[in-house]
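These values consider heavy atoms only, across backbone and side chains, with no hydrogens, waters or symmetry-generated copies.
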Amino acid sequence: MNVDELVAIDVHTHAEVSADGHASLSDDLVAASAKYFKEGARPTIPEIAAHYRERRMAAVVFTVDAEHATGHPRISNEEVAESCAAHADVLIPFASVDPWKGRAGVREARRLVAEYGVRGFKFHPSVQGMAPDDRAAYPLYEAIEELGVPALFHTGQTGIGAGLPGGGGIRLKYSNPMLVDDVAVDFPELRIILAHPSFPWQDEALAVATHKPHVYIDLSGWSPKYFPPILVQYANTLLKDKVLFGSDYPMITPDRWLADFDKLDIKPEVRPKILKENAARLLGLS
């Protein structure tokens, strides 16, 4: 990957479907998410690569392993990693390991980094049905910290399950970024990304990222035109080296995100940090 030639690095994209057509979520959750985001496209990983290559961008790709809570088998982490390796000029593989898997999950995380070149791990506390500060997840965090790769946590409201009876059984409280603050305290060398503007806990996310030196924020899942002013203020100042471009593709396209980002009052010297430089440093690409 030639970072110098990239326009941007998108740290938040989803592998929604495997090569054999297996979806990352159950049919009812997929339908609810498509309705919420008004987006039904589910590109394969090679199609994601082509999309970003055309735009001279790189993208972090991951799925969500929530089999314990949902009963739905995940897309294989190995498939994600191998597909990204086949398009290593633009794709960066993250994995997802259900924290309910205990020691088996720890062994898997170590193997995925050592044998498949995985560069980070994605957690979705609300969908996985576990609070980030649950001690059951701590052996997995310990392994990820030792491996020296980031952990990305969904924070705030989620479109997954939105509109279904009982929200599809998904509890929003698990995605309060203050629950990740305990993780940042107990694993002080773990690089953590708080995904999304964290509605309704935006102030909490900013507080954690400002207070803990290895906590970052990605801006995915929302069009920038809806960003609260305090988020823009912090991105321009205190957190200018810790805020990352993310789209949430395919739910939100990078084209739409970047078009709206262009209209934000972001300092010229901060824009390249958010779009590429901060991510390149965090991911060890530069």
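- If you take CD1 on Ile48 and SG on Cys84, they are separated by 8.0 Å, rounding to the nearest 0.5 Å.
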Using the rule given for side-chain contact (heavy atoms from CB on, under 4.5 Å), can you reason through Thr237 versus Lys267, listing the C-alpha separation, both sets of side-chain angles and the distance that settles it, and then say yes or no? CA-CA 9 Å; Thr237 54; Lys267 298 174 182 177; 4.1 Å; yes
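- At least one side-chain heavy atom of Pro46 sits under 4.5 Å from a side-chain heavy atom of His87.
- When all heavy atoms are compared, the tightest approach of Leu6 to Ala58 is CD1-CB, 3.6 Å.
- No donor-acceptor pair closer than 3.5 Å links the side chain of Ser83 to the backbone N or O of Ile45.
- Contact of the Tyr116 side chain with the Asn77 side chain is not registered, since no non-hydrogen atoms from C-beta on lie closer than 4.5 Å.
- Between the side chain of Asp218 and the backbone N or O of Gly246 there is no donor-acceptor pair closer than 3.5 Å.
- The aromatic rings of Tyr52 and Tyr249 lie perpendicular to each other, with more than 60° between the two planes, well past the 30° mark.
- A salt bridge between Arg56 and Glu54 is absent, with no side-chain N of the basic residue lying under 4.0 Å from a carboxylate O of the acidic one.
- In this pair, Trp222 and Phe199 present their aromatic rings tilted. The plane angle is within the 30 to 60° band.
- Considering all non-hydrogen atoms of both residues, Leu91 and Ala49 come closest at CD1-CB, 3.6 Å.
- Each of Glu16, Glu79, Glu108, Glu67 was scored for a salt bridge (Lys or Arg N to Asp or Glu O under 4.0 Å) with Arg74, with one residue passing: Glu108.
- For the pair Asp10 and Lys276, the salt-bridge criterion is not met [side-chain N within less than 4.0 Å of a carboxylate O].
- The CD1 atom of Ile9 sits 6.5 Å away from the CG atom of Leu283 when rounded to the nearest 0.5 Å.
- Using a distance-only test at 3.5 Å, with no hydrogens or angles considered, a donor-acceptor pair links the side chain of Gln128 to the main chain of Asp65.
- When atom types are taken as modelled, the side chain of Trp257 and the backbone of Ser220 share no donor-acceptor pair closer than 3.5 angstrom.
- Cluster annotation: Ile274 is not connected to Tyr216 through the hydrophobic network of ILVMFWY side chains, with a link wherever side-chain heavy atoms come within less than 4.5 Å.
- Here the CG-CD1 distance, from Leu140 to Ile144, works out to 4.0 Å after rounding to the nearest 0.5 Å.
- The CG atom of Leu275 lies 6.5 Å from the CG atom of Leu258; values are rounded to the nearest 0.5 Å.
- In this structure, the side chain of Glu115 does not engage the main chain of Arg111 through any donor-acceptor pair within 3.5 Å.
- One hydrophobic cluster, built from ILVMFWY side chains closer than 4.5 Å, cannot hold both Met130 and Ile160; they sit in different ones.
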Between Phe62 and His14, does a ring pair (Phe, Tyr, Trp, His ring centres under 6.0 Å) hold up when you go through it step by step? CA-CA 5 Å; Phe62 46 72; His14 290 266; 5.1 Å; yes
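- Heavy atoms of other residues, nucleotides or ligands lying less than 6.0 angstrom from CZ of Arg135 number more than 12.
- Around CG of Asn2, the count of heavy atoms belonging to other residues, nucleotides or ligands within 6.0 Å exceeds 12.
- Rounding to the nearest 0.5 angstrom, the gap separating the OG1 atom in Thr155 from the CD atom in Gln202 is 8.0 Å.
- At least one side-chain heavy atom of His154 sits less than 4.5 Å from a side-chain heavy atom of Pro125.
- Side chain of Thr13 to main chain of Val60: a donor-acceptor pair is present (N/O by atom type, distance under 3.5 Å, no hydrogens or angles).
- Residue His22 places its NE2 atom among more than 12 non-hydrogen atoms of other residues, nucleotides or ligands, all under 6.0 Å distant.
- Under 3.5 Å, the side chains of Tyr138 and Asp186 contain a donor-acceptor pair of N or O atoms.
- The two residues Pro93 and Ala81 have their closest heavy-atom pair at CB-CA, 3.9 Å.
- Inter-residue side-chain proximity for Lys263 and Pro224 is flagged as unmet; no heavy-atom pair is nearer than 4.5 Å.
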| message | Would Tyr141 and Phe153 count as a ring pair (Phe, Tyr, Trp, His ring centres under 6.0 Å) here? Give the steps. | response | CA-CA 12 Å; Tyr141 301 153; Phe153 291 84; 5.7 Å; yes
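- A salt bridge between Arg191 and Glu145 is absent, with no side-chain N of the basic residue lying under 4.0 Å from a carboxylate O of the acidic one.
- Hydrophobic clustering (side-chain heavy atoms under 4.5 Å, transitive across Ile, Leu, Val, Met, Phe, Trp, Tyr) keeps Met251 apart from Val17.
- Pro139 places none of its side-chain heavy atoms less than 4.5 Å from the side chain of Arg103.
- Connection of Leu190 to Leu194 is established within a shared hydrophobic cluster, with ILVMFWY side chains joined at heavy-atom distances below 4.5 Å, either directly or through further cluster members.
- Residues Leu152 and Ala195 approach most closely at CD2-CB, 3.7 Å, considering heavy atoms.
- Proximity of a side-chain donor or acceptor of Lys101 to a complementary backbone N or O of Val106 within less than 3.5 Å is not detected.
- The side-chain tip of Arg271 does not point at the ring of Phe245 from less than 6.0 angstrom away and within 45° of straight on.
- In this structure, Ala95 and Val118 approach most closely via the heavy-atom pair N-CG1, 3.6 Å.
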Take Val232 and Ile266, measure what side-chain contact (heavy atoms from CB on, under 4.5 Å) needs, and give me the verdict at the end.
CA-CA 7 Å; Val232 178; Ile266 299 293; 3.9 Å; yes
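- The distance from the CD1 atom of Ile193 to the NE2 atom of His12 is 9.5 Å, given to the nearest 0.5 Å.
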Please list every donor-acceptor pair under 3.5 Å in which a side-chain atom of residues 174-185 meets a protein atom from a residue at least two apart or in another chain.
residue: Ser175; atom: OG; partner: Ser126; partner atom: OG; Å: 2.7
residue: Asn176; atom: OD1; partner: Met178; partner atom: N; Å: 2.9
residue: Asp181; atom: OD1; partner: Lys212; partner atom: NZ; Å: 2.8

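- Between Lys242 and Ala209, the shortest heavy-atom distance links the atoms NZ-O, 2.5 Å.
- Residues Arg53 and Glu47 are not paired through a salt bridge, judged by the lack of any N-O separation under 4.0 Å between the basic side chain and the carboxylate.
- No path of Ile, Leu, Val, Met, Phe, Trp and Tyr side chains, each step under 4.5 Å between heavy atoms, connects Val208 with Trp201, placing them in separate hydrophobic clusters.
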_For Met1 and Ile92: C-alpha separation, side-chain torsions, deciding distance, then whether side-chain contact (heavy atoms from CB on, under 4.5 Å) applies._
CA-CA 9 Å; Met1 181 177 293; Ile92 302 159; 3.7 Å; yes
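- Between Asp255 and Thr253, the side chains place no donor N or O within less than 3.5 Å of an acceptor N or O (distance only, hydrogens not considered).
- Judged purely by atom type and a 3.5 angstrom limit, Arg55 has no side-chain atom pairing as donor or acceptor with the backbone of Ala8.
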For this session: Carefully, step by step, assess Glu146 and Arg110 under the rule side-chain contact (heavy atoms from CB on, under 4.5 Å).
Result: CA-CA 9 Å; Glu146 289 176 1; Arg110 293 188 182 278; 2.6 Å; yes
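- Side-chain atoms of Arg171 do not come within 3.5 Å of backbone N or O of Gly129 as any donor-acceptor pair.
- In this structure, the side chain of Asn278 does not engage the main chain of Leu244 through any donor-acceptor pair within 3.5 Å.
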